[in-house]
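Computed from a predicted model, the values in this text were never measured in an experiment. Lettering follows sequence order; numbering is per chain, from 1.
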Amino acid sequence: MRLLALETCLAACSAAVTRPANGNDGADIIALRELRERGHAEAIMPMIVKAMEQADCRFEDLERIAVTVGPGSFSGVRVGVAAARGLSLATGAPLVGLTTLAVMARRARRETGIAADQPIAIVHDARRGQVYFGRFDGRGAALDEIALLTPELAAARMGEGEVAAGSGAHLLAAARPDSGIGAQLPDLLPDAEDLAQMALNAPLAEATVSPLYLRPPDAKPQTGKSVPRLK
Amino acid sequence: MMDQPSGKSLTVLGIETSCDETAAAVVVRGPDGHGEILSNLVHSQLEAHAVYGGVVPEIAARAHVDVLDRLVVGALEQAGIGIDELDGIAATAGPGLIGGLMVGLTTGKAIAAARSLPLIAVNHLEGHALTPGLTDALLPPYLLLLVSGGHTQLLIVRDVDRYERLGTTLDDALGESFDKTAKLLDLAYPGGPEVERQAASGDASRFDLPRPMLGREGANFSFSGLKTAVRRAAFSAAPLRPQDVADLCAAFQAAVLDIIADRTANAIALYRDRLGPDAPAHLVVAGGVASNAGLRAALQDLCVEKNFSLTVPDASLCTDNAAMIAWAGAERLSRGLVDGLDVAARARWPLDADAPPVIGAGVKA
């Protein structure tokens with residue numbers, strides 16, 4: 001299958017294109033990536049074009065477009081989703097949306113070497129005293145809904161001695177020091193190559209992909225600015 | 001020097017997401033340089049922001065990404081064309097709210113990349129500035145008064161991509177001062193049209209309001225002192241009866257019109273100074289506040305006095321829209337002005353990059 005995957009939600013930017021040479025599973029993949037705190041909107045499209053060229057893939061050949069839908073930086077999430085939806089509109093290729101945490105779980109499982117029958121928690125520091133939290137089984141399926149939690153509440157969702165990976169994992173270990181939570185991979189980020197592998201067999205988005213923010217916008221109704229009026 | 005405009009017909013998709021309207025449009029620029037709008041869709045987010053009494057950037061950005069791709073499909077359908085028939089993709093790249101700009105520009109880049117079409121990153125203000133070419137076949141040079149919620153400027157439009165700023169607001173934009181007055185008086189959001197409606201039944205002479213900058217040299221504006229004076233007058237009359245509100249609105253609008261006429265008269269003199277006495281005598285008014293009937297009437301009087309023609313595009317093309325973005329894109333494309341896929345959205349992007357900085361103007365310059 002010809003699939004394009006893109007990821008712009010966190011402190012990196014990556015694009016991957018599958019090549020059909022090796023069949024479906026374990027497809028041959030061209031992947032480009034760079035660490036990047038900002039400027040995803042400028043970097044991602046040239047990176048996609050370059051990956052497509054290196055994979056010798058034309059946009060009209062694409063059969064799927066995969067994107068991480070969040071959680072992550074609001075702007076980063078939107079850049080990825082807007083790019084994916086624009087590409088889908090222009091190519092007709094259907095969309096697959098996966099969460100950043102699910103994509104990180106695939107990598108974390110590989111890098112920690114954790115046993116396949118053990119769950120792994122992915123914990124990303126969401127700042128303001130909260131973490132993005134999700135637990136995944138050996139097949140990558142989410143064990144419960146991905147959530148925005150305090151480290152204390154997140155830690156309470158984990159079993160004794162379970163492994164937590166990601167930039168917020170140490171916050172859980174600190175919140176529940178007696179639980180034996182093992183914090184690993186503080187630099188863990190999602191990557192389009194994992195996303196591409198997962199998206200080859202993932203279900204297509206029903207209508208489209210939409211951002212997963214988990215946090216409401218910062219906005220307060222304005223009050224107390226009017227002059228008193230007779231009713 | 002710029003390339004001469006190309007003589008072939010250009011069909012361009014326009015995308016606009018700089019504030020609280022999501023918009024998509026298809027425009028054709030004919031071989032003779034005339035424009036035709038094939039579709040012009042606007043999805044207003046007004047209700048999403050009304051409870052906050054103003055545009056909330058994060059809410060706006062979220063709404064843009066939710067609806068933009070469907071709006072683009074709708075614009076193509078209404079135009080009756082396929083993506084294959086497009087010659088370019090134009091998207092607003094600034095100035096405006098950065099989160100929304102990134103959604104529109106990224107969508108435009110994606111469509112351009114997937115179809116190997118040229119991308120044109122359009123300055124929203126250039127969209128307003130060139131609209132009379134689309135609506136009235138009016139070609140530069142002309143004098144432009146740009147009055148919106150975010151900007152209040154007088155510019156010489158010398159050509160596509162060539163602008164000379166004569167004046168700008170030093171504090172509030174005109175549309176902003178209308179909205180703030182409305183908020184002060186507890187009028188419905190958005191306040192501009194409501195202030196104008198109230199002013200129609202008010203007595204402008206009842207409250208004596210200042211006219212900042214009136215009689216001063218140059219073509220800059222300042223509205224914050226007027227805002228403070230309206231506040232003071234309102235509190236002195238509180239609690240306000242409906243007639244008080246109408247009178248305050250009338251006094252505010254009368255002050256605004258005096259200021260605009262005075263500043264524009266100076267700009268006309270500057271325009272003649274710089275372009276010579278034989279320069280085409282055209283004044284164009286664009287931006288959301290251009291739909292104010294009192295403003296149009298005041299400028300009509302001024303133009304008669306100064307022997308200028310007055311052009312005000314239809315209200316639907318003065319408020320934020322994507323047809324003007326597609327048109328500016330087509331004008332740029334016809335001159336070979338295109339952008340790379342790495343072009344960045346810009347919250348601040350003055351039309352006249354060479355104009356000296358004006359203290360206080362900030363992003364409104």
Worksheet entry | Max heavy-atom pair count under 4.5 Å with chain A, selected residue of B:G340, B:P239, B:P242 | B:P239
Discussion item. For the CZ atom on A:R110, are there more than 12 heavy atoms of other groups (residues, nucleotides or ligands in this structure) within a distance under 6.0 Å?
Written reply: yes
Discussion item. On a heavy-atom basis, which atom in B:I111 and which in A:G86 lie closest, and how many Å separate them?
Written reply: CG1-O, 3.8 Å
Worksheet item: For chain B, which of A:A82, A:A41, A:A84, A:P211 has the most heavy-atom pairs under 4.5 Å?
Response: A:A82
Discussion item. Taking side chain as everything from C-beta outward and backbone as N, CA, C, O, which of these in B:L68 sits under 4.5 Å from a heavy atom of chain A? Side chain, backbone, both or neither.
Written reply: neither
Worksheet entry | Contact listing (chain B partner; residues 65-79 of chain A; heavy atom under 4.5 Å) | A:F74, A:S75, A:R78, A:V79
Worksheet, complete the sentence: In terms of heavy-atom contacts, A:A83 and B:A110 come closest through O-CB, 3.4 Å
Worksheet, complete the sentence: Rounded to the nearest 0.5 angstrom, the CD-OG1 distance for A:E42 and B:T106 is 8.5 Å
Worksheet entry | Side chain to side chain, A:F59 and B:S116, heavy atoms closer than 4.5 Å | no
Worksheet item: Given side chains that start at C-beta, do those of B:L240 and A:P228 come closer than 4.5 Å, heavy atoms only?
Response: no
Worksheet entry | Neighbour count above 12 (heavy atom, 6.0 Å) for A:D56 CG | no
Item to complete: With a 4.5 Å cut-off on heavy-atom pairs, point out which of A:L89, A:T91, A:L62 contacts chain B the most.
Response: A:L89
Discussion item. With a 4.5 angstrom heavy-atom cut-off, is it the side chain or the backbone of A:S88 that approaches chain B, or both, or neither?
Written reply: neither
Fill in: A:R215 CZ: over 12 foreign heavy atoms closer than 6.0 Å
yes
Worksheet entry | CA sep, side-chain torsions, deciding dist, call: A:V227, B:D186, side-chain contact (heavy atoms from CB on, under 4.5 Å) | CA-CA 7 Å; A:V227 183; B:D186 203 20; over 6 Å; no
Worksheet entry | Contacts of residues 43-51 of chain A with chain B (heavy atom under 4.5 Å) | A:M45, A:P46, A:V49
Item to complete: To the nearest 0.5 Å, tell me how far B:M102 CE sits from A:T8 OG1.
Response: 8.5 Å
Worksheet, complete the sentence: Residues B:V56 and A:D218: closest non-hydrogen pair is CG1-O, 3.7 Å
Worksheet item: Does atom CD of A:E34 have more than 12 heavy-atom neighbours from other groups under 6.0 Å away?
Response: yes
Fill in: Rounded distance [0.5 Å steps], CG in A:L87 versus CG in B:D69
11.0 Å
Response to the item:
Shortest non-hydrogen pair, B:I83 vs A:A90, comes out as CD1-CA, 3.8 Å
Practice prompt. Of all the heavy-atom pairs spanning B:E58 and A:P217, show the shortest one and how long it is.
Written response: CG-CB, 3.4 Å
